[in-house]
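Not measured: the values here are computed from a predicted model. Within every chain, numbering begins at 1; the chains are lettered A, B, ... in the order of the sequence lines, protein sequences first and strands thereafter.
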Amino acid sequence: MRKYESGLAVVALAMLVAAAPAFAARGTDGELKILFWQAVSTLNPYLSGGVKEELASSLVLEPLAGFDENGKLVPRLVVDIPTLENGGLSTDLTTATWKLKPGVKWSDGAPLTADDVVFTWAYCTAPGGGCAQAAKFEGVKAVEAIDPLTVKVTFKGPKPFPYTAFVGATSPIIQKAQFANCLGAKAPGCTAANFAPIGTGPFKVQAFKPNDTISYAANENYRDPEKPAFSTVTLKGGGDALSAARAVLETGEYDYAWNTQIEPEVLQGMTGAGKGKVLTAFSSWVERIDLNFDAADASLGDKRSTAQAGPHPILSDPAIRKALSAAIDRSAVVETAYGAAGKPTCNIIAGPDIYVSTANDSCLKPDLAAVNALLDGAGWKMGPDGVRAKNGVKLSFVFQSSTNSVRQTTQALLKDMWGQIGAAVELRNIPPSVFFGGDPSSPDTFQKFYADLQMYTVLYSGTDPESHLASWLCNNIPSPSNGWQGENMSRYCDASYDRLFDELSRTASPADRATIVKKLNDQLVGDGAVIPLVFRGAVSAFSNRLAGVRMSGWDSELANVADWSRAK
Amino acid sequence: MFAYTVRRLLTAIPVLLIISFVIFSLLTLAPNDPLGDLPLTIPPEVRAQMRAALGLNQPFLVRFALWLHQFFINEPLNLLQAWTGLDIGDGNRLRVLSWATRSPVVDLIVQRLPQTLWVVGLAYLFGVLLAVPIGALSAYRQHSWFDQIAAFVAMVGYSVPTFFTGVVLIVVFSVKLQWFPSVYNTNLKVTDWPSFVAQVRQMFLPVLVLTLFNTSQISRFVRASMLDNLHQDYVRTARAKGVKERTVVLVHVLRNSLIPVVTVVALGVPTIFSGAIVTEQIFRVNGLGQLLITAIQGGDLPLVQTLTFIFAVLIVLFNLIADVLYGLLDPRISYE
């Protein structure tokens, strides 16, 4: 018996010795199993534009810099982030100079050089290629290699926030040697390169089955010799969100399932099995309601939802816009429809924290009595049918959104809440591919906005809200004259807003920018141009057997996959 | 019979051309946007460039002609090249490219065939093998306990949708009992005994779901056909002659009853290739059915067009095979 015990002790000691270095050595934790219920179609994010492709390629391809979970810039392939203080940005804000980390190698052993960075820009801006991330390079005049480790990006004009090109998982660096013959119209034909890009990231592609399974192996040339802890990664695609969550949280077959937003109580039930947890990464997504400032009645024919139709008969009344927002119990919406995936918000700019205003927080506590008093005072009298009316105009709306169970639940809740203040609401839902499709010949796009209210979320990339705030400029109103392009769905137009925005586009100091952003946000919310509803996060399921996960909403959820390991 | 077959094959050509045109028109007219699923961060100008890169800015007829050329000339030549190793003309012909993956559609289909044939094909085979004895016995012992139970199971199997039975099986066998995996691994290669066991385990649930459905359907056909024949005069004659009951049922009745069943089974074969959209989705088998549904959802026109056209070819072909088989099995039928 004693002998047996000492034997055990030796085994335990041996395990301890073996475990200690294993914790910090490359490829010692076996296989990482990932489940994407939307299968990945290609591993070249420049040809797809989809989030799933961006995430799957982020195991392999890396940008110069990324964003951490707080929206802070972190260097990836560069020594540091160029700023005015360190001289990386020129004082006139027209150039940014990036210094590459020395000694970084591609997975095929070739060194990463400034030429690769220059090529990435050339690849995405080549005519005829249909590069999905072209917007990332907008305003870039030239990208030059000063020396093998220095890249200079020159902008067409002053760029107060220059961290778009080569920043984040949507514009990673690709290898010149691999893609040199794939410029422009030849890009789609390079199937082998598109399906197995050579990267600098912690993993390399072993096999790619489009819309099915990707197999990765640890990159032996990765710059940190101790990472990644996993030797292989299998990314399986297909199915639906519910069963993906189940495979991680209940059966434990997978370590990580991306985008598992399902009914909150179902998700909660699954985590009860104790095999995993659900993480939420908040970034900039705000579910909001647009109020149409132009009349949108069907009787107006071609003029509906344009300036020619005249102001909206009901929504042009500021009291109504205020009442609609104040009547919403945002906490109830979050609890019923979003669960862990959302928080109530009163701001259209809800992140990063430095830009978030506190001036509108009163909306978090709905006060129906005050709202009803406001409407009574504004002349909207309650009718015998429970619907208010003023000068013969009934307080009734058509409220549209895209087809999505969370949105339809929210619509139903809002209809009920607005019913309590005497508003009749007719609900519509439109398939997302039509609603967001932007087809000018379709009457159901969110740009045409042939309704009084509509609800959706605008996803904008990066942490800087300037491009998003540009949505409410007067010249961004969609109309027949511009082919229904533009993001100003509310048809909001205010000269003071345009002036303040112009000031923002000329300001470089982060603190000053934050002040202006808050002012712009407060003006939009105060004027009722838009009703912010829920601050949404990305929800994913992680196994308890996974350690080192830091989920960033601003970048790829897999951005720090090199640090992931098997929980001991 | 030969002349008939040739005539049918020749008439199939215009039929298939019309079908391909109808599919193409329907897909083009349908309000489906290949860029519809992309994040809204991508601005309209970039979308316009992406559309142009996909060739979407060309007129409808040009795109149809291009597809015809790629599918009927480039792809077969390409296959020939791959098989013979010879270079025929310019080797770099434009193939039918999927919009979502930007890879040749035919390669995608070839990649998906094995799992679809294994899971859906095996379920069809099991379905037929089980349905014939069940249907025959049900008919022979009409109104017996066996017949009642078979009728009940068939009704349940036929009317309860696979998205329900599939999920129930997953909850019971994968979540609670943990006997079978809920996710199909398409990378699994059968090389030794443990990998064979793994393959059987991962196929078990999807095959079970589909077999139940197929058996229900076909066993009712067999039963009805058997009942028709059991009351025919020739059966009574055979019995009167003193032929053994076993021979009467298995040789005379069953053989004659199977003639219409063969037609039904042959007509069902193309559905194997079209995959089982729902079941493949639930168990993540990622075969042709899943390929088709993701292509439809993503507005991937070349892929949907090519897949549906191949299904059309198979349906036309198996219709012909069913007709020819009918003629061979039943001497009373002649196509001359």
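- Within the 4.5 Å cutoff, no side-chain heavy atoms of A:K136 are placed close to those of B:V46.
- No side-chain donor-acceptor contact under 3.5 Å links B:N187 and A:T234.
- Among the candidates A:E253, A:E250, A:Q485, the residue making the largest number of heavy-atom pairs closer than 4.5 Å to chain B is A:E253.
- At a threshold of 4.5 Å between non-hydrogen side-chain atoms, the residues A:C131 and B:Q49 do not count as touching.
- Using a 4.5 Å cut-off between heavy atoms, A:E138 touches chain B through its side chain atoms alone.
- Proximity to chain B involves both the backbone and the side chain of A:S243, based on heavy atoms less than 4.5 angstrom apart.
- Within the model, atoms NZ of A:K209 and CD of B:Q115 stand 6.0 Å from one another, a figure rounded to the nearest 0.5 Å.
- To the nearest 0.5 Å, atom CG of residue A:L242 and atom CD1 of residue B:I282 are 10.5 Å apart.
- Within the 4.5 angstrom heavy-atom criterion, only side-chain atoms of B:I170, from C-beta onward, approach chain A.
- Contact annotation for A:F435: neither backbone nor side-chain heavy atoms come within less than 4.5 Å of a heavy atom of chain B.
- For the pair A:K236 (side chain) and B:Y184 (backbone), a donor-acceptor distance under 3.5 Å is present.
- How far OG of B:S182 is from OH of A:Y254: 8.0 Å, rounded to the nearest 0.5 Å.
- Other residues, nucleotides and ligands contribute at most 12 non-hydrogen atoms within 6.0 Å of the CH2 atom of B:W118.
- Separation of atoms CG (A:L47) and CZ (B:R102) is listed at 5.0 Å; rounding is to 0.5 Å.
- With rounding to the nearest 0.5 angstrom, the CG atom of A:N211 is 9.5 Å from the CD atom of B:Q111.
- Residue-level contacts of residues 184-196 of chain A with chain B, in order of numbering, are A:P188, A:T191, A:F195; threshold 4.5 Å between heavy atoms.
- The distance from the OH atom of A:Y46 to the CE atom of B:M50 is 13.0 Å, given to the nearest 0.5 Å.
- A donor-acceptor pair shorter than 3.5 Å can be found between the side chains of A:D212 and B:T186.
- The nearest pair of heavy atoms linking B:V167 to A:R246 is CG1-NH2, 4.1 Å.
- Atom CG of A:N181 has 12 or fewer neighbouring heavy atoms from other residues, nucleotides or ligands inside a 6.0 Å radius.
- There is no contact between A:K52 and chain B, counting heavy-atom distances below 4.5 Å.
- Heavy atoms from other residues, nucleotides or ligands lying under 6.0 Å from CZ of B:F164 number 12 at most.
- Between the side chain of B:R284 and the backbone N or O of A:D240 there is at least one donor-acceptor pair closer than 3.5 Å.
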